[in-house]
Protein chains: 2
Amino acid sequence: MNNRFIMVLLSTFLSVLTLNSAQAKSDNFSTQQLTDVEQIKQQALTSDLAWDLVESLTTEVGPRMPGTPGDKAGVAWAVAKFNAMGFDKVWTEPATFPKWIRYSESAAVISPSPQKLHITALGNSISTPKEGIQAEVIEFQTLDELESAPESAAKGKIVFINYQMNRDRDGNGYGPAVQARSRGAVVAAQKGAVGYVMRSVSTAHHRFAHTGGSHYKEGVTKIVSSAISNADADQLHRLVALGEPVTININVQAQSMGEGTSYNVIGEFTGSEFPQEHVLIGGHLDSWDLGTGALDDGAGVAITMAAAKLAHSKGKTKRSIRVVLFAAEEFGLWGAKAYVKANEKNLKHIVAAAESDFGADKIWAIESNVDASALPVVRDIAKAMASLNVEHIGKNTARGGPDLIPFRPFNIPAFRLAQDGTDYFNYHHTADDTLDKIDPEKLRQNVATYAVFAYMAANAKTRILGK
Amino acid sequence: MNNRFIMVLLSTFLSVLTLNSAQAKSDNFSTQQLTDVEQIKQQALTSDLAWDLVESLTTEVGPRMPGTPGDKAGVAWAVAKFNAMGFDKVWTEPATFPKWIRYSESAAVISPSPQKLHITALGNSISTPKEGIQAEVIEFQTLDELESAPESAAKGKIVFINYQMNRDRDGNGYGPAVQARSRGAVVAAQKGAVGYVMRSVSTAHHRFAHTGGSHYKEGVTKIVSSAISNADADQLHRLVALGEPVTININVQAQSMGEGTSYNVIGEFTGSEFPQEHVLIGGHLDSWDLGTGALDDGAGVAITMAAAKLAHSKGKTKRSIRVVLFAAEEFGLWGAKAYVKANEKNLKHIVAAAESDFGADKIWAIESNVDASALPVVRDIAKAMASLNVEHIGKNTARGGPDLIPFRPFNIPAFRLAQDGTDYFNYHHTADDTLDKIDPEKLRQNVATYAVFAYMAANAKTRILGK
């Protein structure tokens, strides 16, 4: 018997003790159910299932940009895995999106000191001419500063926005920083610019450029939309600060290709008493093309597939547990929008929903967004997660993950199982988003938390209602 | 008065106390000299000089691969800086080397799961055909394993060596790992391979491939010689382990261009009593082309230039202090070889030599390689470094930096000012070797240590002799 096994036994024993004293009085769960929860949790903490899934997805499929052969292979992979794992129902639902392909990208300082820049095209960017676009750089510290500049401020120049995002556990730096990614090229063009490059939306100290969605606006000239790594942004800033004109060349070859189609892949363990009612967990199956989509969002896919399987390991749950692997999230939540449209009449049967799409670091908190009648159940769920070092945030204003945004008008009972995102934006949307960035121990803690969540929400005496 | 200033004052005061009690009895240095040493040390610990130098070199010049315009700009930069800093003599000495240029490099898994690999050509590699070289991968764990394989083991295949280097403060993992870089393509070709790719000589968790020198052997077919990042090596290993044939394409466009010429750049503060005798410190001015050569070896250049200036700040030293910025180190110590040849008759006048070429982390030890008569002076020097947390390694078998290798037959008094290399091979020879990897505080500690070294070796009562 090895040490790890002894620890697990001991931990199970202590959990059961805790359970008997603290939880046996629950009005929402039977003693047997609470014992099941503890056993599922311990099983998850020693299971390699999620690791095996994300290893398989990122290795055997690799990058999965919507509309590419990798995306198609990802859909086939998910269908096969759901079936192999014994899900009761497995099906796909189509989702369309504006397809965009990256061919190549490069950039360089031309003068004063010739050197390469590590750049990536932002999603949806147009191509430059074959020889690239070459112009003097004009630097702004924020999108606001660019917006406040006079009309012709950037005439004939390449606008460079040098905004550095904030690092935080909850990822609060992302929202403010992403404005320059989404709209920067439009505002730059309005000021007369011929090209747009920004400091990546990134907390990294490494020389990877971060891609991500960007948009054009009708009536505004389309100019190339791109991002350079933090190290390159520092370099460009220093060169501009020398006071002499700095000329760079940006070469992006990319193409918008009309409408593409991909598929949400859905696996369900059917409930025994209320099969229509279901817990909805999941992640998104697509990824950007630069890395292998391990943290974003292979981890979420693996965590929720594994958690559903474990939650079902004590036999059928009262309500169904449905895992939805959304399509084309990175291009604008296209799978989620299609899902909501196709399933509009059934959204009322969702008893709890949570998406895992914030990497693979530990879950540190659970927050709900439910009807007051459901708060006792939520408290019991949170209590069962306490031994996983998951806090209960009582505000009851959770929004769920990105793919749950299109669900909001329907007031579903949404949950946030909050991962620690301190390091997430070191890797997000870069070539460096690869399997080695996932810590197997932390992944197991995620699976345990989601398994507890799925099992309890599916088995609660009374169903959880939305607000 | 800010806190830092108070700390410096306090530190100076404590140093002088230490000095009075511990060092005033030295037979090798006067009390005034020991006071000077303390003041130089404190001055170095608050000086931005080295930072300004390495910032300027990596920004205004950038990459400096031998024979490129960046290399030429680096030489001009060094001459100008030495002059601006008031060195008494500034001159260049030519060095020739086999010139090699990288144009482009890419690689991809073709089957079973198409995806890009992050690759770099090793220095001196031939080009592949324009469409790349495409073949099945055969994996070996070590160069030894490849050498032991039957003659036709790799026939028509691309050899992949997956050896993972060891991480250590003293960089002891580099020597064993670098064999596969230097000779791997030769051994692979001898086994019938059509291409060669190795796991980078790297301790990184990031997706950068590490370049470095490699060699061909007369009579053995030249095949492409390349390295992939650790993350890509893991991926390729997993794919091979699936048991089905794995086909990859490697595309390298590079060119050997005959003999190139660059220049060692030398600056000297002339000694007052024994101007021929000199301390020799320095780094190498060239870098690989992928990054901006901040850690390798912009830091060494900056540390030793700044240290010489500070060591000279109390007036002329008894012996000269010479800073040699070697050319074309990365291609095979060509600058150092040329220096030794051109200065052979004067090598006996070197009273102490040390090269800084191991990044910019703190110096944790000093070790000498000197005649026994000089050990008391070495102990005094080490004593003066103790407050910088520099230990004295008493073995007296130091070998100096890479550029001091060609000096070895001449038994010069060599020193190792040992930097902490734990993280050095995270960045070494990658695109990620950029200014942001240098910590200004640690850089100052290096400058202080080198300044103490240069001042004391130049001013010791009796000169230090080699073995």
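In the text below, chain A, chain B and the rest are named by the order of the sequence lines, each starting its count at 1.
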How many angstroms lie between [atom1] in [X] and [atom2] in [Y], if you round to the nearest 0.5 Å?
X        : Y        : atom1 : atom2 : answer
B/His205 : A/Tyr427 : NE2   : OH    : 9.0 Å
B/Asp289 : A/Lys116 : CG    : NZ    : 7.0 Å
B/His237 : A/Thr59  : NE2   : OG1   : 10.5 Å

Residue pair [X] / [Y]: nearest heavy atoms and the distance that separates them:
X        : Y        : result
B/Pro63  : A/Pro114 : CD-O, 4.4 Å
B/Glu60  : A/Ser113 : O-CB, 2.9 Å
A/Arg207 : B/Gly291 : NH1-CA, 3.7 Å

#### Entry: Flag, side chain of A/Gln235 to backbone of B/Thr58, donor-acceptor distance under 3.5 Å
yes
Relative to chain A, which segment of [X] carries a heavy atom at a distance below 4.5 Å: side chain, backbone, both, or neither?
X        : answer
B/Ala73  : neither
B/Thr434 : side chain
B/Pro112 : neither

### Task
Specify whether B/His206 and A/Phe208 have parallel, tilted or perpendicular ring planes, treating 30° as the upper limit for parallel and 60° as the lower limit for perpendicular.
tilted
### Message
Please classify the contact between A/Asp432 and chain B as side chain, backbone, both or neither, with a heavy-atom cut-off of under 4.5 Å.
### Response
both
### Message
At under 4.5 Å between heavy atoms, what parts of residues 238-254 of chain B are in contact with chain A? List them by residue number.
### Response
B/Arg238, B/Leu239, B/Leu242
### Among the listed options A/Val61, A/Asp234, A/Thr292, the residue most often paired with chain B at heavy-atom distances under 4.5 Å
A/Val61
### Query
In terms of heavy-atom pairs under 4.5 Å, which option from B/Ser229, B/Pro69, B/Ala231, B/Ser106 contacts chain A the most?
B/Ala231
